[in-house]
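Some notes on the structure that comes next.
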Amino acid sequence: MDLANFIDGKFVSPISGAYLDNFEPATGLVYSRCPASTAADVDVAVAAAKRAFPAWASTRVEERSRTLLRVADLLEARLEEFARAESQDQGKPIWLARTVDIPRAVSNFRFFATAVLHQASESFDMDGVALNYTHRRPVGVAGLISPWNLPLYLLTWKIGPALATGNTAVCKPSELTPMTAYLLGEVMQEAQLPDGVCNMVFGTGPQAGAALTGHRDVPLISFTGGTTTAEIINRQIAPMFKKSSLELGGKNPNVIFSDANIEKAVATSVRSSFLNQGEICLCGSRIFVQESVYKDFLARFISATRAWTVGDPSDDNVKMGALVSRGHLDKVLGYVDLARQLGGTIEIGGDQPRLNGKFKNGYFLNPTVISGLDPLCDVMQEEIFGPVVTVTPFRDETEALELANGVKYGLAASVWTSDVSRAHRFAQSLECGIVWVNCWLKRDLRTPFGGVKASGIGREGGTYSLDFYTEPKNICMAWE
Ligand code: TXE
């Protein structure tokens with residue numbers, strides 16, 4: 001099957017006629033092709049979005065809201081089809097796509113289609129001589145670039161607020177997982193989203209992505225992906241003074257104190273380590289355990305990891321599917337080998353499962369737990385982004401904080417303790433954007449999402465998104 005770009009409300013082939021093979025991670029086989037778009041395709045898409053902007057920006061908020069709610073309803077009606085497509089395209093278990101990815105994509109549209117109806121703006125009375133009010137306008141054509149780990153979830157997280165606030169959009173989904181973004185074009189057509197309001201251009205980052213981030217008619221960029229890529233994008237857009245939000249990688253600590261509920265910490269830590277094959281920027285990939293409970297935790301955690309089955313993503317009983325690509329699997333395996341060379345102990349995993357039939361060449365990896373590494377080594381400093389976690393003991397709160405903050409990233413963290421004072425004290429001292437206490441991945445869409453240090457710039461989520469996708473202008477009206 002050849003996918004097509006979705007431009008100006010129509011599915012169109014890439015101008016160059018070039019395509020990229022799209023592999024199914026579970027089998028390692030090509031099962032479709034996506035356009036290898038170039039700057040020429042991006043130019044056509046940006047022109048369509050620019051043409052559509054004035055009418056969409058001046059469409060009444062209630063009408064924009066109703067249109068996005070139709071998209072949500074139509075997407076929800078095709079949930080099973082989208083879940084199957086996401087699972088086949090990304091390698092994740094279908095139950096995960098069915099219960100998280102696609103429902104969250106529906107929520108993204110519904111949340112922002114209703115939140116925008118209540119967006120407040122300020123006014124200030126200057127002692128009766130003048131009135132200042134803040135007038136918010138959409139920015140224009142939004143360039144939305146999304147990654148391969150939660151393809152539809154993270155793309156709609158951008159499309160929702162961008163369109164709700166009156167912007168138009170050109171989206172560049174990851175070339176590794178184009179399928180659900182392609183199908184979303186069908187939903188937008190059926191929802192009668194006006195032509196050009198949302199456009200999808202498929203292709204590689206350096207070709208299609210760079211053409212979008214560097215386009216003179218795209219004043220706003222929202223990017224989710226790797227820190228290395230964000231450095232390239234930042235250099236490109238800095239001299240163009242574009243408004244940007246960069247949501248990047250993480251190397252998140254999961255800190256377990258001796259007074260934690262160990263049973264709950266173990267059960268949740270298996271999820272925060274291996275959900276979506278560990279391919280979630282919020283995964284807790286560095287587990288730190290207070291030494292008095294370290295041995296007990298490690299034994300229980302290994303036993304729980306053994307039950308985290310790997311196999312056919314379409315099997316509802318399988319916990320983990322395939323990693324997204326051969327290249328990504330090799331990258332993750334490289335870190336496991338490095339851990340061995342550095343003297344780490346592979347407590348469980350570190351190898352590929354022996355699967356038969358059509359899965360024998362799939363990009364599978366057993367969930368892997370490594371102990372005994374120096375916290376300053378590359379395995380514990382760099383984002384691996386796979387089902388590989390380290391477990392390290394610590395003496396006290398001071399050492400735990402030093403270990404947790406001792407990386408260039410600062411996205412998220414989990415803290416397990418029954419001491420409320422310590423929970424507040426420790427959470428407030430962590431260098432990151434999101435902290436979970438005695439839980440993980442409970443996400444309220446109204447909260448700010450994003451990281452600090454090498455995990456990104458800016459916040460999206462709730463009113464933070466509505467603010468990001470609009471420009472506030474202060475207008476001062478004098479009386480006399
Ligand atoms: O990201 P990339 P990938 C991290 C994780 C992962 C690494 C690479 O560590 O191993 O990033 O993943 C587009 N100009 N995260 O390959 O390469 C690209 O086509 C414009 C964390 O997915 O950054 C894709 O659509 N665009 C992250 C998107 O950028 C460019 C989730 C992301 O690709 C471009 C995913 C360029 N020069 C990965 N180069 C999170 N925080 O959730 C690439 N792209």
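Counting starts at 1 for both ligands and their atoms, in listed order. For reference, positions follow the sequence shown, starting with 1.
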Between the side chains of T180 and E86, is a donor N or O closer than 3.5 angstrom to an acceptor N or O? yes
Regarding K408 and T227, is there a side-chain donor-to-acceptor distance under 3.5 Å anywhere? no
Does a side chain donor of either D89 or N22 reach within less than 3.5 Å of an acceptor in the other side chain? yes
Checking D41 side chain against P14 main chain: does a donor-acceptor pair fall under 3.5 Å? no
Could you name the protein residues that come within less than 4.0 Å of ligand 1, counting only heavy atoms, and order them by chain and residue number? I145, S146, P147, W148, N149, K172, P173, S174, E175, G205, G209, A210, F223, T224, G225, G226, T229, I232, I233, E247, L248, G249, C281, H328, K331, E383, F385
Are side-chain heavy atoms of I94 and D316 found at a separation under 4.5 Å? yes
Judged by modelled atom types alone, do Y335 and D378 share a side-chain donor-acceptor pair under 3.5 Å? no
